[in-house]
Amino acid sequence: ALSDRLEAVLDRLKGRGTLSESDVDEVLREIRLALLEADVNFKVVKTFVARVRERAIGAEVSEALNPGQQVVKIVNEELTGVLGDQSAPLELGSASPAVIMLAGLQGSGKTTAAGKLAAHLKKKGRTPLLVAADLQRPAAVDQLKVLGARVDVPVHAPEPGGDPDADPVAVAAGALKEATRVGAGVVIVDTAGRTNVDDAMMEQATAIKRAVDPVETLFVIDAMIGQEAVTVAKAFQEAVDFTGVILSKLDGDARGGAALSVAEVTGRPIKFASTGERLDEFEAFHPDRMASRILG
Amino acid sequence: ALFRRGLDEAAFEELEERLISADVGVEATMEIIEGLRERVRAEGVTDPEQALALLKEILRLELGVADRTLARREEGPTTWLITGVNGTGKTTSIGKLAARHARDGETVVLAAADTFRAAAIEQLSSWGERAGARVVKQAEGADPAAVAYDGWQAASAADADLLLVDTAGRLQSKRALMEELSKVKRVLEKGAGHTDEVLLVLDATTGQNGISQAQAFQEAVDVSGVILTKLDGTARGGIVIAIQRQLGIPVKLVGLGETVDDLADFDVDAFVEALFA
Ligand SMILES: Nc1nc2c(ncn2[C@@H]2O[C@H](COP(=O)(O)OP(=O)(O)OP(=O)(O)O)[C@@H](O)[C@H]2O)c(=O)[nH]1
Ligand SMILES: Nc1nc2c(ncn2[C@@H]2O[C@H](COP(=O)(O)OP(=O)(O)OP(=O)(O)O)[C@@H](O)[C@H]2O)c(=O)[nH]1
Ligand SMILES: [Mg+2]
Ligand SMILES: [Mg+2]
């Protein structure tokens, strides 16, 4: 953890009026290692540390903090800045129905997040409709139906035992008609997990987006993902130009450096944190809390 | 270049970055590169291409020592317990394994001991149907240990060749859930006597948290091997190097996609090559 790493270094730098470049570099070396251990992508770490270095070397000596602590303060500020200065809200605008589309890698937590969003929006007085547009994973439709029933939200899905070649794009488009029919104000489209190197599946995601024209497209990513977060996030941004991110499984002990990587390379805000398997374990993302979690 | 003695620092940094980018991790990378430095010095390597070849050889040798066979028993159903954190591919991997062994003419029984997650039992049942394996299940919310035990009884009574026990995904930091898993294994073994394999299913995209997963699951249920899934993506799964180094747990199988045939034995050479692709 950064605190342990820095303790020795900062101790040695106590009582110095100003930091020399080599002092700053010594602190930054520990910051770099802490960020890599926290799974921040190594290229993102490079640019991040360079930015901090620039600020630290030019910095005025603080009255309250010793120079080493001052570097840490700059790191925290830069980190929180990239992650977002404050929680970014869901922006549903005035469209009716407003469509939210979920996308992400296999197993990242999309279907569960769809249920959570439905519960969250219902609490806020909206009328959601869940759409089961994952037609390939065995029992994915069942899974969403169970979640929908739990929060008393209707689920639009293909007929069970119906056309085995049903098309997710058609199901999603059909949901818009269904929404108008049942008076649903928000449509939440769950999609199949897909990998960024599967061109056909990435094209399907683009096609679904085109068909439903979402006001919010949320990229769901697992907090335990490692270096690949950058490549994956960029590919999904290319395919569905997401407007926000849901970071899942934050109830675990993964440091979650992917949050910094994704925010840095896509410039998109992390809007929600999923903090458990239950549908109420869902909250607005807190950038400051994430910053200290990443730094350890 | 005429007076250059040995490989320059930039070459080592480049190799370091390639390992870090493959999720090998800072500590393991530093140790591996340190070992490479010694070999480079000892063998007088000056060409970066040669250094890379040497690095691959070092990794192949290190990974090559592990026993990657899947344990079978002589008498009664071979019993494999499938564990791991949420969403890594446990249920899908069981489906693939069931199909592979059923195709080899074996009788396979699946125990749906994930009694918690929405439609988990349906998902496993669907895979069982596909593979021609019997699925032992109870109602959602039933005691997972009881389902595991039931699975053994059914497999044993049917003189089945293989029993695969699916469990719910659980984050390793959740003490009560890890204790539940230990109990599932204990109760399963009341019938089965021992578990032939306890497989940890690990997503290849996982970063350094993979080590903490392996450690915690090893402590809870004595993991004997890893199934590394989603290796068909761009992630290279370098975390398994540290897992084998620190915990002695080898990767036995890899998941290469979402369909029934997308399962393969772990190939050390292919893995090492892919690390530097
Ligand atoms: N602990 C924890 N588990 C979660 C969280 N979100 C989802 N899960 C679990 O992660 C697993 C995968 O969740 P799903 O919702 O099926 O993931 P998915 O992205 O829809 O998966 P695919 O459709 O196969 O791509 C399930 O076991 C969920 O219960 C979370 O925030 N915390
Ligand atoms: N691309 C790819 N996807 C995979 C692989 N293995 C599993 N998946 C996908 O990953 C997702 C999760 O798989 P599951 O089998 O439900 O995972 P699980 O570990 O049983 O999940 P929980 O029981 O919810 O913890 C599904 O969409 C699978 O199709 C693989 O090797 N490659
Ligand atoms: Mg899903
Ligand atoms: Mg499962």
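Once rounded to the nearest 0.5 Å, the distance linking CG of A:Asp253 with CG of B:Leu171 reads 8.0 Å. Between the OG1 atom in A:Thr112 and the CZ atom in B:Arg117 there is a gap of 7.5 Å [rounded to 0.5 Å]. In this structure, CE in A:Met224 is found 7.5 Å from CG in B:Asp203, a value given to the nearest 0.5 Å. Atom CZ of A:Phe42 sits about 10.0 Å away from atom CZ of B:Arg18, to the nearest 0.5 Å. To the nearest 0.5 Å, atoms CG (B:Asp23) and CG (A:Asp39) are separated by 6.5 Å. Rounding to the nearest 0.5 Å gives a distance of 7.0 Å between CD of A:Gln106 and CG of B:Asp232.
Contact tally against chain A (heavy-atom pairs below 4.5 Å) for B:Ile239, B:Val26, B:Thr234: the top residue is B:Thr234. Between chain B and the options A:Gly257, A:Ala254, A:Ser108, A:Ala38, the largest number of non-hydrogen pairs under 4.5 Å is found for A:Ala254. In terms of heavy-atom pairs under 4.5 angstrom with chain A, the leader among B:Gly238, B:Ala22, B:Ser173 is B:Ser173.
Surrounding CD of A:Glu159 are at most 12 heavy atoms belonging to other residues, nucleotides or ligands under 6.0 Å away. Applying the 6.0 Å contact sphere to CZ of B:Arg37 captures more than 12 heavy atoms from other residues, nucleotides or ligands. Surrounding CD of A:Glu238 are at most 12 heavy atoms belonging to other residues, nucleotides or ligands under 6.0 Å away. By the neighbour-count criterion of 12 heavy atoms within 6.0 Å, atom NZ of B:Lys137 is sparsely surrounded, having that number or fewer from other residues, nucleotides or ligands. For A:Lys43, the NZ atom is loosely surrounded, since the number of other residues' heavy atoms within 6.0 Å does not exceed 12. No more than 12 heavy atoms of other residues, nucleotides or ligands sit less than 6.0 Å from atom NZ of B:Lys183. Few gaps surround CZ on A:Arg268; more than 12 heavy atoms of other groups in view lie less than 6.0 Å from it.
For B:Ser212, the part sitting under 4.5 Å from any heavy atom of chain A is the side chain, from C-beta outward, and nothing else. Heavy atoms closer than 4.5 Å to chain B are found nowhere in A:Asp198, neither backbone nor side chain. Of the atoms belonging to B:Glu129, not a single heavy atom falls under 4.5 Å from chain A. Residue contact with chain B, scored on non-hydrogen atoms closer than 4.5 Å, involves the backbone and the side chain of A:Asp142 alike. Neither the backbone nor the side chain of B:Glu27 comes within contact range of chain A; no heavy atom of the residue lies under 4.5 Å from a heavy atom of that chain. Looking at A:Leu144, neither its backbone nor its side chain comes within 4.5 Å of chain B, counting heavy atoms on both sides. With a 4.5 angstrom heavy-atom cutoff, B:Glu122 touches chain A via backbone and side-chain atoms both.
The two residues B:Gly169 and A:Glu277 come nearest to each other via the heavy atoms O-OE2, 3.9 Å. Annotation for B:Glu140 and A:Arg150: closest pair OE2-NH2, 3.5 Å, computed over non-hydrogen atoms. Closest of all the heavy-atom pairs between B:Gly233 and A:Thr195 is CA-OG1, 3.5 Å.
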Decide yes or no on side-chain contact (heavy atoms from CB on, under 4.5 Å) for B:Ile20 and A:Leu36, but give the supporting numbers first. CA-CA 8 Å; B:Ile20 298 266; A:Leu36 287 175; 4.0 Å; yes
Please step through salt bridge (charged side-chain N to carboxylate O under 4.0 Å, His left out) for the pair A:Lys46 and B:Glu13, ending with a clear verdict. CA-CA 13 Å; A:Lys46 260 194 188 152; B:Glu13 280 180 15; over 6 Å; no
Between B:Ser21 and A:Gln227, is a side chain to side chain donor-acceptor pair (under 3.5 Å) present by the stated rule, with each step listed? CA-CA 6 Å; B:Ser21 73; A:Gln227 295 289 306; over 6 Å; no
Apply side-chain contact (heavy atoms from CB on, under 4.5 Å) to the pair B:Glu258 and A:Gln136, showing each step before the final yes or no. CA-CA 9 Å; B:Glu258 301 190 68; A:Gln136 70 180 47; 3.6 Å; yes
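Judged by distance alone, the side chain of B:Asn209 and the main-chain N or O of A:Arg255 form no donor-acceptor pair under 3.5 Å.
At a threshold of 4.5 Å between non-hydrogen side-chain atoms, the residues B:Lys174 and A:Asp251 count as touching. Residues A:Val232 and B:Thr205 form no side-chain contact, since every pair of their non-hydrogen atoms from C-beta on lies 4.5 Å or further apart.
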